[in-house]
Amino acid sequence: MRIHLGGSKRSGTVVDLRDLSESSSITQASLTRAVTTAIRPESGCQTVAQARRREPDGRPIELDVDCIDPATPTELDRVPAPRSFRAMLAAAARSRGWTASVASELAQRRRQLSSLDVPDVEVKAARRRVAETGTDVDRLKEEIASLRGELSARRELDAAPDRVRERLETATATLAETETTHIAARQELDRARRRGRAARDIRERRLRMEDEIGNLERTARRELARRLYPAVRKRLEGLPVTTGPIGETPGEFRGDLTLAGLVTGALAGRRAPVVCVSTGRSNEEADPLDGAASSIATRLGYPIIRV
């Protein structure tokens, strides 16, 4: 494995980049993102990957990593895993071709969820249309009543009623059309409300199904993690460093998550580099990789990049 970072060129089974974030303005988080991107380029498999990230001060990080392209899940690209240890174990188990007992049910629920599309329902526009046409109906009724009163007055005065009668006939015809439009608007509002209720029902079904899927996913992770854990425990016990309390199940693990993650990657068949992120340790707590990283990388069968 060879790494080119700006003017720095480093190679080996273990490449330590921690000094870059300790002695420059490149933050550990930015360096971690850049290296992780470089070993898994978005453009697909290639021998030399390039990652460019920009620091807050505007300086670009230009990084080239000459390595094997990862064939394992992204959950195994860095340790400790950004997600839970159990999720990392489950990802490794799946990369070995293992499936959980709830896999079929989980796949079925996901298909059902993907088929539940919540329709877009616009009730406000339909409600506004009803209000507008209702206002027009009321205005025309008032106009007709006024014209009828004016027509009666003209007849009592023997005045010519023709123009008023024409206006009354026009207003009456317009009222009939407007009432028809108003009825249609009310019917459309009723349909929109029914669609809205149906959409709410679908949305509630989606929420319930998402909860079910979440529960099934947790069940699958627990099952796969528990199944793989004996192999992880055995590999940890064979490392030439102190791993901490391992326990009999993933939930009982109280050891070093970095070592556990590295071992998990090896069990998944990892051959591409893994980004090992240094975590804050007390002065009394030694980093198990110090002095043993090369030996561990050789035992596990893939390179390590320390950041």
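Since this is a predicted model, take the numbers as computed values, not measurements.
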Could you tell me whether the side chain of [X] and the main chain of [Y] form a donor-acceptor pair under 3.5 Å?
X	Y	answer
Ser278	Val307	yes
Arg233	Glu248	yes
Ser95	Ala92	yes

Identify the heavy atoms of [X] and [Y] that sit nearest to each other, and give their distance.
X	Y	result
Ile296	Pro288	CD1-O, 4.5 Å
Gly269	Thr72	C-CG2, 4.2 Å
Val277	Pro80	O-CD, 3.5 Å
Thr32	Arg78	CG2-NH1, 4.0 Å
Ala91	Glu75	CB-CB, 3.9 Å
Leu147	Ala171	CD1-CB, 4.1 Å

Any [X] side-chain heavy atom under 4.5 Å of [Y] side chain:
X	Y	result
Pro119	Arg195	no
Thr13	Ile304	no
Ile305	Met1	yes
Val274	Leu300	no
Val65	Val15	no
Ile68	Tyr302	no
Arg218	Asn215	yes
Thr133	Val137	no

Can you tell me how far the [atom1] atom of [X] sits from the [atom2] atom of [Y], to the nearest 0.5 Å?
X	Y	atom1	atom2	answer
Glu237	Ile246	CD	CD1	5.0 Å
Leu151	Arg167	CG	CZ	10.5 Å
Thr258	Leu262	OG1	CG	6.5 Å
Arg299	Arg235	CZ	CZ	9.5 Å
Asp69	Arg271	CG	CZ	14.5 Å
Leu239	Leu289	CG	CG	9.5 Å

Problem - Arg33 side chain to Ser30 side chain, donor-acceptor N/O pair below 3.5 angstrom - result: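 Their side chains do contain a donor-acceptor pair, which is all the 3.5 Å distance test asks for.
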Please check if the number of heavy atoms outside [X] that lie under 6.0 Å from its [atom1] is greater than 12.
X	atom1	answer
Asp211	CG	yes
Arg10	CZ	yes
Arg226	CZ	no

Please determine whether a side-chain nitrogen of the Lys or Arg among [X] and [Y] lies less than 4.0 Å from a carboxylate oxygen of the Asp or Glu.
X	Y	result
Asp77	Arg270	yes
Arg163	Glu166	no
Glu217	Arg110	yes
Asp66	Lys9	no
Arg165	Glu169	no

Exercise for the section: Please determine which of Arg94, Arg96, Glu223, Arg86 meets the side chain to side chain contact (heavy atoms under 4.5 Å, CB included) test together with Leu228. Expected result: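 Answer after filtering Arg94, Arg96, Glu223, Arg86: Arg96.
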Handout entry: Qualifying residue for side chain to side chain contact (heavy atoms under 4.5 Å, CB included) with Leu259, from Val241, Val79, Thr242
Key =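 Result for side chain to side chain contact (heavy atoms under 4.5 Å, CB included) with Leu259: Val241.
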Practice task
Return the orientation label for the Phe253 and Tyr229 ring planes: parallel under 30°, perpendicular over 60°, tilted otherwise.
Solution key: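 Phe253 and Tyr229: perpendicular rings.
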Practice task
For Asp290 and Arg306, run side-chain contact (heavy atoms from CB on, under 4.5 Å): C-alpha distance rounded to whole Å, both residues' side-chain angles, the deciding distance at 0.1 Å, then the answer.
Solution key: CA-CA 10 Å; Asp290 289 343; Arg306 304 187 69 181; 3.2 Å; yes
Handout entry: Remaining members of the apolar cluster that contains Leu106, side-chain heavy atoms under 4.5 Å
Key =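 Same cluster as Leu106: Val102, Leu113, Leu116, Val118, Ile202, Met209, Ile213, Leu216.
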Handout entry: Chi angles and distances behind the salt bridge (Lys or Arg N to Asp or Glu O under 4.0 Å) call for Glu122, Arg129
Key = CA-CA 12 Å; Glu122 182 55 72; Arg129 181 61 175 160; over 6 Å; no
Practice task
For side-chain contact (heavy atoms from CB on, under 4.5 Å), just list the numbers for Leu224 and Leu89, CA-CA rounded to whole Å, side-chain angles, deciding distance to a tenth of an Å, and then say yes or no.
Solution key: CA-CA 7 Å; Leu224 291 172; Leu89 290 171; over 6 Å; no
Exercise for the section: State yes or no: do Val263 and Leu76 share one hydrophobic cluster built from I, L, V, M, F, W and Y residues joined by side-chain heavy-atom distances below 4.5 Å, directly or via other members? Expected result: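 Per the 4.5 Å side-chain linkage, Val263 and Leu76 are co-clustered.
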Practice task
Check whether Val232 and Trp98 end up in the same hydrophobic cluster, where Ile, Leu, Val, Met, Phe, Trp and Tyr are linked by side-chain heavy atoms less than 4.5 Å apart.
Solution key: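 Yes, it is one cluster - the side chains of Val232 and Trp98 are joined through contacts under 4.5 Å.
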Exercise for the section: Could you list the residues that satisfy salt bridge (Lys or Arg N to Asp or Glu O under 4.0 Å) with Asp201, not counting sequence neighbours? Expected result: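 Partners of Asp201 by the salt bridge (Lys or Arg N to Asp or Glu O under 4.0 Å) criterion come out as none, since no residue qualifies.
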Exercise for the section: Go through the steps to decide whether Arg191 and Glu188 satisfy the test salt bridge (Lys or Arg N to Asp or Glu O under 4.0 Å), and finish with yes or no. Expected result: CA-CA 5 Å; Arg191 288 192 292 270; Glu188 177 56 33; 2.9 Å; yes
